[in-house]
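One structure is given here, and the rest of the page talks about it.
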4 protein chains.
Amino acid sequence: MVSDTDHVPPGGKAGRPRSERARRAVLHAVDDLLVDVGYAAMTMKGIAERAGVGRQTVYRWWSTKAEILLEACLVDAEEELTTPPRPDAADDLLAYLTALTEFLTTSPAGLAYRALIGEAQHDPVVRDLVHQAGLLALSAHDVLRRVRSSAPNMPDECLCAAQLTGPVVTQILTTPEPLPERLLEAHVAALLRAWR
Amino acid sequence: MVSDTDHVPPGGKAGRPRSERARRAVLHAVDDLLVDVGYAAMTMKGIAERAGVGRQTVYRWWSTKAEILLEACLVDAEEELTTPPRPDAADDLLAYLTALTEFLTTSPAGLAYRALIGEAQHDPVVRDLVHQAGLLALSAHDVLRRVRSSAPNMPDECLCAAQLTGPVVTQILTTPEPLPERLLEAHVAALLRAWR
Amino acid sequence: MVSDTDHVPPGGKAGRPRSERARRAVLHAVDDLLVDVGYAAMTMKGIAERAGVGRQTVYRWWSTKAEILLEACLVDAEEELTTPPRPDAADDLLAYLTALTEFLTTSPAGLAYRALIGEAQHDPVVRDLVHQAGLLALSAHDVLRRVRSSAPNMPDECLCAAQLTGPVVTQILTTPEPLPERLLEAHVAALLRAWR
Amino acid sequence: MVSDTDHVPPGGKAGRPRSERARRAVLHAVDDLLVDVGYAAMTMKGIAERAGVGRQTVYRWWSTKAEILLEACLVDAEEELTTPPRPDAADDLLAYLTALTEFLTTSPAGLAYRALIGEAQHDPVVRDLVHQAGLLALSAHDVLRRVRSSAPNMPDECLCAAQLTGPVVTQILTTPEPLPERLLEAHVAALLRAWR
DNA sequence: ATTTAACCGAGACGGTACGTCTTGTCTTATA
DNA sequence: TATAAGACAAGACGTACCGTCTCGGTTAAAT
């Protein structure tokens, strides 16, 4: 008589587990490709090939190149946007804005982030991803919390963050040159005048 | 008024003259498609078909969809961003920022402009096009010139424009909701405090 | 000194025995799928899923869908092609050819067999499998042995089988309609005329 | 008055005409690939690449590799199956069956034809194509018409063709070896005995 | 009673063909 | 020379299946 029991494993997850090696290879491939060929020329096919990974494996875990890029750059980004506290409020803000400028114009992670903001204008899904990551807001709030004591007249935190970073970011997104150091100083001075 | 005909060239060069009819059809098609299917799904092929125009005709006069879009939206954009002067500086600035917000979140021309800013992050050619148009800077300078008299301490004009529009624009580009009226007022108040 | 208990398992095989349940499920799945989706759309993946069986389990026991199909249909086929003897030679042959026609145009096992003949034209491995099974030849020889006595002039047995079944089979394989009853009768009459 | 017309050409066909060069390249590629890699391993992608032709160009004019193959082999096939008349009926039939055997076992066009018959068992569309081409029937009818005078007792033409070619074709399709010359002779002799 | 070897299901893996789409160029006939 | 139409070579799209692999878990014969 033949037993009828080749039964399903009762709990837990069946099947081969996800390959961490493949995941990392994809994230690295995206980093490399963004620098090598740019966002527009970066394709899902190209990512898979560069990573030495099956195409389906990419699609299994990410829907779009934007999703991969976000995962690839988020950690680096957060780190690069964290500046050490400085005793003087003006110095503190200036250091942050300098780091922000550097990040968005030079750092690979920053270029990725700019590409994502760009894509967000075309694709509402990416828009939500980018907003949910909240990279800009988070890093700005950190530094703003520190200067709060020396700027008693600061308005709504959200507006403050916008006032602090908006001019810098918009300049970078819409013109070929970022605000120069000199104007960053003037910007910080004006902000502190308004918030004091 | 533009003739709807492809009339005989009165003088100058031989050959069939450019069809004004085709040019207009393409610009209208781009406008329609941006609303109907969005920037990402808009293709040169689709534009030609929607315009009832040969594909080659599109490529003959424009290189990319961004170029067409820019030509299609610039005139409307400039008009929508021009606000009538108001006696009070705060009122003047607020009216401008409200118009700017409206433009970037609601107007077809504004959505086109946002798409172009997005594309500019991926493609340096578009970046140059967008910067050369200088839409934001130009419209901001208009209103800033008017409030200059009542804000003697205004810094560099370029920084001023950035300080005025940057927070509003960045908010729109990176979050799902623009700055609300209330925060626009607070923003203007803070700026005038800093500039006075 | 050599341990007496360290030796290779002497005979028989250790390990879990093959699951008869899985084998049957696969064969049934193939039968069902051939009818439901056709040979071309039948895939190893689909078979495994329909059978509720792991993919590896299928590959462990069969190499190709053709192999499974052959195992699934052979028994049925042999049975359907065996006709009871009839006293009159013409009747006997006609009954066989009618059964053969029915088999190849209607019976699931016959459709499977036709699919296998088709695949055999593309894949020499399948060709060998099909030939080794020798379905057609075997069944034809049975009936030919019975009419041998009343057809003294019959040539080589192999040619006889070909002359008997070839016209019927080729017609089915290359045209949408099989030879009708009327022509089967004429065919049998002609054969007996030639062999008498 | 000025014409408003970039209008559709009133009759005939607009646009670039079909490239005869591309058509020929595809047909040759299919011929080559059938011999080089076999029918099963022949893919639409491979055909396009071997032909130096865009994939879309292949799909524009043919739906499946079977369709291409049919177009590629039909002309050759018809020629190879046409045998010159011989005075003796037995000689005439034998020459035809020898050519048929040669064709189906050796000639590239014949191998293509066999592949098509194979595919026809899986795909009703191909089945119709193959039947509509009617290669076997046509060539058989030619030679049968010639022997008609010396075989007054011949049955229905359709059955005759089946009786003539069926045994030969089925043997080739279902076993590794075709009927040898000796049995072809015996087959022809038997047929003439039956038809006389 | 333990070990051990082969089985089982599920499902991720690297590949690759599918048929469709868009790209930018080209080749027509017509204007 | 511009135009609309549409074929062309190229190649990315996202999906499907290939055959292999890697899991956790089962089963029964051999220790």
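In what follows, every chain begins at residue 1, and chains take the letters A, B, ... in the order their sequences are listed.
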- Of T64(D) and A22(A), whose nearest nucleotide on DNA chain E comes first from the 5' end?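 The answer here is A22(A).
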Kindly give the heavy-atom pair with the smallest separation between [X] and [Y], and that separation in Å.
| X | Y | answer |
| --- | --- | --- |
| V35(D) | P108(D) | CG2-CB, 4.4 Å |
| A25(A) | V53(A) | CB-CG2, 4.5 Å |
| R50(C) | A29(C) | CG-CB, 3.5 Å |
| G46(D) | T43(D) | N-OG1, 2.8 Å |

Shortest side-chain distance from [X], nucleotide among [options]:
| X | options | value |
| --- | --- | --- |
| Q56(A) | dC8(F), dC8(E), dG15(E) | dG15(E) |
| P17(C) | dA28(F), dA4(F), dT20(F) | dA28(F) |
| R60(B) | dC26(E), dG9(E), dA2(F) | dA2(F) |
| Y59(B) | dT27(E), dT20(E), dT23(E) | dT23(E) |

Is any side-chain N or O of [X] closer than 4.0 Å to OP1 or OP2 of [N]?
| X | N | answer |
| --- | --- | --- |
| W61(C) | dC8(E) | yes |
| R21(D) | dA9(F) | yes |
| T57(B) | dA4(F) | yes |

- Query: Hey, does M44(D) have a side-chain heavy atom less than 4.5 Å from the side chain of R55(D)?
  - Reply: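 No. Closest side-chain heavy atoms not under 4.5 Å.
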In a table with atom names and distances, give each donor-acceptor pair under 3.5 Å that connects a side chain of residues 64-75 of chain D to protein atoms at least two apart or in another chain.
unit_1 : atom_1 : unit_2 : atom_2 : d
T64(D) : OG1    : A66(D) : N      : 3.4
T64(D) : OG1    : E67(D) : N      : 3.2
K65(D) : NZ     : Y39(D) : O      : 2.8
K65(D) : NZ     : M42(D) : O      : 3.0
E67(D) : OE1    : S63(D) : N      : 3.4
E71(D) : OE1    : W62(D) : NE1    : 2.9
E71(D) : OE2    : R23(D) : NE     : 3.1
E71(D) : OE2    : R23(D) : NH2    : 3.3

For [X] and [N], give me the distance from atom [atom1] to atom [atom2], rounded to whole Å.
| X | N | atom1 | atom2 | answer |
| --- | --- | --- | --- | --- |
| L33(D) | dA17(E) | CG | P | 12 Å |
| R55(A) | dC18(E) | CZ | C1' | 11 Å |
| K65(D) | dG19(E) | NZ | P | 10 Å |
| R23(A) | dG14(E) | CZ | P | 14 Å |

- Item | salt bridge (Lys or Arg N to Asp or Glu O under 4.0 Å) contacts touching residues 117-130 of chain B (sequence neighbours left out) | none
- Checking only heavy atoms, does the side chain of R16(D) share a donor-acceptor pair with the base of dA7(F) at less than 3.5 Å?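 Yes, the side chain and the base share a sub-3.5 Å donor-acceptor pair.
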- Near DNA chain E, under 4.0 Å by heavy atom, which residues of residues 40-52 of chain D?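 Of all residues in residues 40-52 of chain D, the ones placing a heavy atom under 4.0 Å from DNA chain E are T43(D), M44(D), K45(D).
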